[in-house]
K.L.:
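Mind having a look at this structure? Questions to follow.
To find a chain, count down the sequence lines: A is the first, B the second, and so on, and within it residues start at 1.
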Protein chains: 2
Amino acid sequence: MTSLRADAARNRALLLATARQAVASGDLSLQLNEMARRAGMGVGTVYRHFPTRRALLEALAEPAFAAVLDGAQNASLHDDPWTGVEILLRALLLQQLADPAFAEVIASPATDDAIPQTTAQRDEFTALAGAVLARARQSGALRPGLTDEDLHHLVCGTAFALGLGPTPLARVEAYLRVLLDGIAGKAE
Amino acid sequence: MTSLRADAARNRALLLATARQAVASGDLSLQLNEMARRAGMGVGTVYRHFPTRRALLEALAEPAFAAVLDGAQNASLHDDPWTGVEILLRALLLQQLADPAFAEVIASPATDDAIPQTTAQRDEFTALAGAVLARARQSGALRPGLTDEDLHHLVCGTAFALGLGPTPLARVEAYLRVLLDGIAGKAE
DNA sequence: TACCTAACCGGATTGACAATCCGTTTCTCG
DNA sequence: CGAGAAACGGATTGTCAATCCGGTTAGGTA
């Protein structure tokens with residue numbers, strides 16, 4: 001099952017490219033019928049590769065997810081615990097702005113019907129972020145009383161807030177500063 | 001137009017009650033066909049009263065909107081500018097948690113097809129909130145560089161973040177503190 | 001009360017879209 | 001090259017939003 005048939009692989013790639021372009025042009029609806037039309041293939045083909053809109057969404061989000069994992073890795077390697085938190089949260093936030101598909105995936109809870117890739121990435125992220133946050137908490141840089149989950153939610157909320165404005169990228173640093181100042185421990 | 005015919009008024013009220021119950025039970029989809037079925041009336045009746053899902057949504061949000069206006073009024077009357085901001089933001093946040101319909105309305109931009117009631121409430125809120133925030137800015141209690149719109153978005157983002165967790169109401173104060181600390185001026 | 005008309009009601013119908021199913025075509029391996 | 005597995009395509013079915021118009025009712029008037 002590891003290797004798809006040649007035509008299947010071609011169609012899958014074409015489909016992903018088509019979907020990515022749709023998302024890039026602001027259409028996050030990812031109507032599978034429409035994707036089939038644009039990619040010039042039958043509806044059945046689309047549904048075989050991605051049984052649901054969500055499956056397609058998760059496949060699209062995969063690279064952004066990988067980028068965040070890189071960021072989390074960096075964060076955990078940095079000497080200063082608080083700087084680690086900054087790096088982690090900035091990476092998570094920036095990727096959500098860069099890729100709306102990723103934003104939707106990361107904001108929704110893990111489900112059993114997620115594709116394996118996504119589940120694995122999510123687990124790895126939880127572990128890495130957990131380490132970064134634990135260290136910061138230990139050092140007193142992080143306000144007590146906020147769980148890892150709280151912080152995850154707050155970053156997603158910040159991405160949502162940015163999305164309400166006309167030029168999210170122009171305001172990232174401002175909103176990020178609000179968040180960081182808000183979650184910092186008093187000892188900072 | 002000020003006074004509906006008796007049957008029309010009755011149906012409108014019944015419809016609103018049905019929709020409110022649907023929202024309260026966690027169904028925010030507000031499918032107008034479904035509302036008609038549950039309220040025991042024809043689809044046409046529903047569509048005459050509320051031509052679109054959004055019209056119904058805005059009608060539902062009206063009381064919550066009024067409550068926020070009250071809160072904003074209070075905020076503007078309080079002596080301390082920063083306390084005014086706290087009151088304002090807490091009211092805005094709490095109403096979003098209490099009424100998902102209101103949350104959706106307040107998070108989306110003003111549109112021309114909004115019902116007059118909503119437009120009026122939105123305008124009044126903008127003015128009231130603007131006064132509260134201007135005073136706080138003047139006093140240095142508010143971090144510079146954040147517009148009224150930014151703050152509006154940040155509150156909506158916080159509501160969104162709370163909605164990602166299982167028990168929003170239990171974490172309101174924690175998240176609100178993060179937000180307030182984040183937007184406070186250094187002179188606080 | 002009896003009538004008239006504007007306002008309102010209801011649900012059959014149309015249109016758009018998601019999702020499935022299966023006969024046909026294409027690939028791959030021996 | 002031939003057989004069988006895998007993938008393709010699109011007709012079809014089911015669901016839901018939204019419209020349209022013939023039938024019904026409220027409420028004013030004489």
K.L.:
Output the rounded distance in Å from CG (Asn11(A)) to P (dT26(C)).
P.N.:
13 Å

K.L.:
Can you check whether Thr45(A) has a side-chain N or O nearer than 4.0 Å to OP1 or OP2 of dG9(D)?
P.N.:
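It does, given that an N or O in the side chain of Thr45(A) lies less than 4.0 Å from OP1 or OP2 of dG9(D).
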
K.L.:
To the nearest Å, how far apart are Leu56(B) CG and dA18(D) C1'?
P.N.:
15 Å

K.L.:
Could you tell me the separation between the CZ atom of Arg10(B) and the C1' atom of dT25(D), rounded to a whole number of Å?
P.N.:
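Roughly 10 Å, once rounded to whole Å.
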
K.L.:
For a quick test of reading the model, state the closest non-hydrogen atom pair linking Asp99(B) to Leu60(B) and the distance between them.
P.N.:
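Closest pair (atom of Asp99(B), atom of Leu60(B), distance): OD2-O, 3.7 Å.
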
K.L.:
Given dG27(D), dC8(C), dA7(D), identify the nucleotide with an atom nearest to the side chain of Asp7(A).
P.N.:
dA7(D)

K.L.:
On the nucleotide dC8(D), are OP1 or OP2 found under 4.0 Å from the side-chain N or O atoms that His49(A) carries?
P.N.:
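True: His49(A) side-chain N/O within range (under 4.0 Å) of dC8(D) OP1/OP2.
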
K.L.:
Is there a donor on the side chain of Arg5(A) or the base of dA7(D) sitting less than 3.5 Å from an acceptor on the other?
P.N.:
no

K.L.:
If the threshold is 4.0 Å, N to carboxylate O, is there a salt bridge linking Asp80(A) and Arg135(A)?
P.N.:
no

K.L.:
Can you check the Arg12(B) CZ to dA7(C) C1' distance for me, whole Å?
P.N.:
16 Å

K.L.:
Round to the nearest Å and state the distance from Leu14(A) atom CG to dA7(D) atom C1'.
P.N.:
15 Å

K.L.:
List in numerical order all residues of residues 27-44 of chain A for which some heavy atom is under 4.0 Å away from an atom belonging to DNA chain D.
P.N.:
Met41(A), Gly42(A), Val43(A), Gly44(A)

K.L.:
CG of Leu15(A) versus P of dA7(D): gap in Å, rounded?
P.N.:
14 Å

K.L.:
Looking only at side-chain atoms of Tyr47(A), point me to the closest of dT28(C), dA18(C), dA7(D).
P.N.:
dA18(C)

K.L.:
Tell me the closest heavy-atom pair linking Arg171(A) and Asp150(B), and the distance in Å.
P.N.:
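That closest heavy-atom pairing would be NH2-OD2, 2.7 Å.
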
K.L.:
Rounded to whole Å, please give me the gap between CZ in Arg48(B) and P in dG10(C).
P.N.:
9 Å

K.L.:
Search all heavy atoms of Arg122(B) against all heavy atoms of Val105(B) and return the closest pair with its distance.
P.N.:
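In terms of heavy atoms, the two residues are closest at NH2-O, 3.2 Å.
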
K.L.:
Using side-chain heavy atoms (C-beta onward) and a distance below 4.5 Å, is Ile183(B) in contact with Leu89(B)?
P.N.:
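Yes - at least one pair of side-chain heavy atoms lies under 4.5 Å apart.
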
K.L.:
Taking only Lys NZ, Arg NE, NH1 and NH2, and the carboxylate oxygens of Asp or Glu, determine whether Asp27(B) and Arg38(B) approach each other closer than 4.0 Å.
P.N.:
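The answer is yes: the pair qualifies as a salt bridge.
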
K.L.:
Ignoring hydrogens, what is the shortest heavy-atom contact between Glu86(A) and Leu180(A)? Give both atom names and the distance.
P.N.:
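That closest heavy-atom pairing would be CG-CD1, 3.8 Å.
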
